[in-house]
Amino acid sequence: MYETSTGAPDDVNAPLSEPRWTVQWADGPVPDQRRLRPLTGHSGPVRTVATAIVDGRPVAVSGSRDNTVRVWDLATGEQLHDPVTGRTDPVSSMTAEVLSVATAVADGRPVAFSLHGDDSVLVWDLATGRAAGEFVRLVESAVLDERRVLLTLGADGTLSVADLLTGRRVAGFPSATGIAMLDGRRVVLTVDAVDVDRTVRVWDLATGGQLARSLQVVRTVDLDGRVLAVTAREADREPDREPDQEADREPDQEADREADPGEGRLWDLATGEPLDAAEAAEAAAALSGGAARLGVTTLTVVHGRAVAVGLDGEEPRFIGPLALARRNGALVRTRARETALLDGRTVALTAEADGTLRIWDLTDDRPRVHGMRVIDAVGASGTAPAFPPGPEREADLWHRISGRGNGPSGSADPVLLTVEQGDTVVVRDRATGQPVGRPLTGHTGKVWDVATTVVDGRPVAVTASADHTLRTWDLSHALAHGDGPSRAGHTATVTAVTTAVFDGSPVVVTAGADRTLRVRDLSTGRQVTAPVAGLEGEVTAMVASEVDGRPVIVTAGSGDTLHLLDPVRGEHVGEPVTSHHGRVLALAGATLGGRPVVVTAGTDRTAAIWDLATRRPVGEPLTGHTSRVTAVATAELAGRLVAVTGSWDKTVRLWDLGTGRQIGEPLTGHTDWVTSVATRLIDGRPVAVSRSRDKTVRLWDLATLRETGEPLTGHTDPNGPVVVTTGGARPVMAIGQGQAVRFWDLATGCEVGNEYALPLPAAALAAAPAGRLVVAFGPEIAVLRPAAD
């Protein structure tokens with residue numbers, strides 16, 4: 001006797017006119033055969049998706065609230081590269097959220113743009129998964145010392161000066177806050193964001209040299225309506241100057257240093273001018289009577305004049321000759337300045353890792369962006385770009401990226417996909433606006449975005465949802481069976497499934513969290529007996545058997561007992577059986593010596609054999625595992641009935657049920673708990689299949705007690721249900737992987753086709769005659785059957 005299963009997915013990525021497997025019947029609506037593979041991996045809601053072609057392969061690019069951007073191969077469902085993220089704030093250690101993604105082709109290479117919560121727009125090379133640049137905000141073009149330069153503002157607040165003839169950055173000013181004119185020279189104002197005193201620095205834009213020095217304010221007083229500040233000795237405070245800027249010191253700064261005798265120098269904070277000797281002497285005598293002003297920490301002095309006042313952690317106040325700079329010369333830190341006009345074209349700029357700027361032409365209405373080097377753009381026009389400050393191109397780049405434009409789809413897109421009712425996508429004829437087929441349903445959270453592309457010559461939609469997944473849909477696949485009749489079924493999740501034969505007809509038996517047991521005809525889905533209500537607790541394991549010619553269903557739940565139920569009469573058969581396992585974790589049925597038995601596995605580290613007719617144990621418990629036994633299956637080996645068990649001790653063991661003894665040494669290889677086992681004949685040899693929390697499946701030859709082939713990998717859900725069937729001509733393993741069932745050919749170790757997608761996670765699988773597979777998902781079940789050759 002073998003535990004078997006059957007089934008195969010819709011082979012949706014193969015150019016077949018019909019799927020290899022079809023739905024024979026289902027409790028509710030027939031599972032949508034347009035649904036292809038789910039793309040799982042994000043740990044937060046997926047907010048945005050776009051598509052592109054990379055090396056001839058269709059890919060999807062997704063952005064999530066887990067702050068990552070991921071690239072997916074739509075033909076295989078695998079991620080092409082490691083996830084990438086935006087910048088991480090050095091102060092808060094928070095990574096910027098991904099708001100939107102878009103794709104394009106730049107100079108023949110596919111790229112993606114990602115828009116982030118810190119207003120940054122990053123560029124990614126889709127072929128390598130590496131950063132290809134960052135969009136910067138445009139400030140202006142100018143001529144400095146006969147050099148044509150472009151001023152840009154990075155999202156981190158750094159003002160960069162780039163030489164338009166070479167496209168190279170020649171200077172950078174972190175934490176820039178404004179540009180102004182001072183004594184006929186263009187200057188840049190910076191305020192250190194992490195400086196408690198918010199010290200202002202003034203830099204010569206052409207030379208990059210620092211002009212200002214910062215003086216510490218000892219006290220500030222209000223004297224007859226005139227606010228005066230007293231600064232410390234200059235010798236007590238080093239000038240705020242970069243080490244390599246010493247040569248840029250102005251001569252009168254040296255004079256200021258010499259003339260500053262120490263505490264007692266007074267500054268008028270209204271004019272920024274120092275008091276002369278006579279004024280200072282007169283004011284000094286009256287300082288003790290002035291009202292103290294708190295909060296002023298520093299003065300920024302240029303050429304002997306104060307230009308800014310530090311205000312104890314708050315934004316500094318500009319005074320004197322820079323009083324108007326804050327209003328007229330402040331940098332524009334809005335999205336509107338990320339695009340501008342260049343020779344009549346809408347352009348944007350990116351800064352690449354090597355410091356090179358790149359101009360992007362955004363005038364094309366199609367979602368294709370063509371990139372060029374700055375030197376090319378300047379050479380074509382012969383003049384420096386003019387970037388007008390007006391709002392006529394306001395937020396153009398932001399709107400383009402957040403509009404989620406996609407790469408070329410390869411089709412005329414005769415349909416339009418719209419998100420309606422939150423979690424539903426409706427396919428509409430673009431010409432008429434009428435729905436085409438049923439809506440695309442199945443997401444369990446809000447659908448935020450949708451994109452389209454072509455996979456293997458067929459139009460495919462990709463949807464992004466708050467349920468942390470993306471889903472792919474075959475828009476050309478016509479559903480042949482419609483919704484089908486609705487059948488009365490479970491009102492809560494189906495927790496266990498088995499198959500049996502009643503009166504010569506195969507049936508499906510299901511147990512649900514609604515504490516009912518239901519029996520359906522395998523071919524039609526009609527209930528053949530009244531539901532059995534009042535089950536004690538949730539059923540987690542179940543097998544069908546026959547006792548004295550009477551059909552019996554054996555169930556185990558969250559406790560220590562086994563229950564025998566007559567599904568025809570709707571009653572219990574005898575008293576519950578206490579297993580003494582602590583908790584029964586798995587069941588398998590068999591016939592031992594002509595008598596029906598079940599083999600149980602439990603938390604007490606043992607397995608046991610039970611005679612169903614007498615409800616008594618057969619022999620002693622099967623001992624040897626060193627941790628709880630989580631899985632059991634039965635098989636026939638050289639004329640003997642054997643059991644295969646799997647345990648948290650990471651081993652698989654083989655037992656002779658006639659003698660109660662272990663056969664050979666434990667089968668080792670798994671590096672974590674064994675969560676399920678199954679048995680099957682392959683080429684006439686009995687084998688066992690084991691699945692582990694190490695995310696591998698291993699195949700064991702029971703005659704030699706050796707592993708066969710390499711472990712099968714790629715199983716992301718180690719706790720999903722597993723069954724084995726022929727799947728046609730070859731043995732096939734079916735595994736529940738979240739909201740899909742995947743299939744592997746056990747003889748070759750290769751995956752067979754793609755997943756069979758479900759609207760809810762697969763909770764249980766069961767084999768059925770004629771190569772059929774019973775799948776339980778949520779409160780519903782469906783029966784899959786192989787299509788005729």
Value rounded to 0.5 Å, distance of [atom1] in [X] from [atom2] in [Y]:
X    : Y    : atom1 : atom2 : answer
L657 : L592 : CG    : CG    : 6.5 Å
T555 : H563 : OG1   : NE2   : 5.5 Å
L475 : L417 : CG    : CG    : 5.5 Å
R550 : L564 : CZ    : CG    : 9.5 Å
I553 : L565 : CD1   : CG    : 7.5 Å
L585 : T675 : CG    : OG1   : 12.0 Å

Among R518, E780, R520, find the residue that satisfies the side chain to side chain donor-acceptor pair (under 3.5 Å) test when tested with T510.
R520

For H625, which of T606, T645, T630 qualifies under side chain to side chain donor-acceptor pair (under 3.5 Å)?
T645

Could you check if a side-chain atom of [X] sits within less than 4.5 angstrom of a side-chain atom of [Y], using non-hydrogen atoms only?
X    : Y    : answer
L760 : P779 : yes
L746 : V732 : no
V723 : L773 : yes
S505 : L522 : no
R70  : V61  : no
V689 : R698 : no
T600 : V632 : no
V687 : T708 : no

I'd like to know if the side chain of [X] and the backbone of [Y] have a donor-acceptor N/O pair within less than 3.5 Å.
X    : Y    : result
D649 : T626 : yes
R471 : A464 : no
T603 : H581 : yes
T495 : V539 : yes
D467 : T444 : yes
T51  : T452 : yes
T472 : V462 : no
S647 : R628 : yes
T441 : T424 : no
E665 : L667 : no

Salt bridge [X]-[Y], side-chain N to carboxylate O under 4.0 Å:
X    : Y    : value
D672 : K650 : no
R526 : D521 : no
R706 : D701 : no

Are more than 12 heavy atoms from other residues, nucleotides or ligands located less than 6.0 Å from atom CZ of R661?
no

Once you measure the plane-to-plane angle for W673 and W648, does it fall in the parallel (<30°), tilted (30-60°) or perpendicular (>60°) bin?
parallel

Can you give me the closest heavy-atom contact between [X] and [Y], atom names plus distance?
X    : Y    : answer
V519 : P567 : CG2-CB, 3.8 Å
V652 : S690 : CG2-CB, 3.7 Å
W700 : G669 : CH2-N, 4.4 Å
D611 : V597 : CA-CG1, 4.2 Å
W72  : G77  : CE3-O, 3.8 Å
S676 : V722 : OG-CG2, 3.6 Å

Could you go step by step and tell me if H468 and T40 meet the side-chain hydrogen bond (donor to acceptor under 3.5 Å, both in side chains) rule?
CA-CA 7 Å; H468 302 189; T40 58; over 6 Å; no

Under the criterion side chain to side chain contact (heavy atoms under 4.5 Å, CB included), I'd like the reasoning laid out for I663 against R640: C-alpha separation, chi angles, the key distance, then a yes or no.
CA-CA 11 Å; I663 300 174; R640 295 180 295 174; 4.0 Å; yes

Give the C-alpha distance, both sets of side-chain angles, the deciding distance and a yes or no for side-chain hydrogen bond (donor to acceptor under 3.5 Å, both in side chains) between H490 and T516.
CA-CA 7 Å; H490 290 282; T516 66; 3.1 Å; yes

Audit row: T463, W473, side chain to side chain contact (heavy atoms under 4.5 Å, CB included) steps and yes/no:
CA-CA 8 Å; T463 52; W473 310 82; 3.1 Å; yes

May I have the step-by-step check of side chain to side chain contact (heavy atoms under 4.5 Å, CB included) for L440 and V427, ending in yes or no?
CA-CA 8 Å; L440 307 179; V427 184; 4.1 Å; yes

Between I735 and R691, is a side chain to side chain contact (heavy atoms under 4.5 Å, CB included) present by the stated rule, with each step listed?
CA-CA 10 Å; I735 297 182; R691 188 183 191 188; 3.0 Å; yes

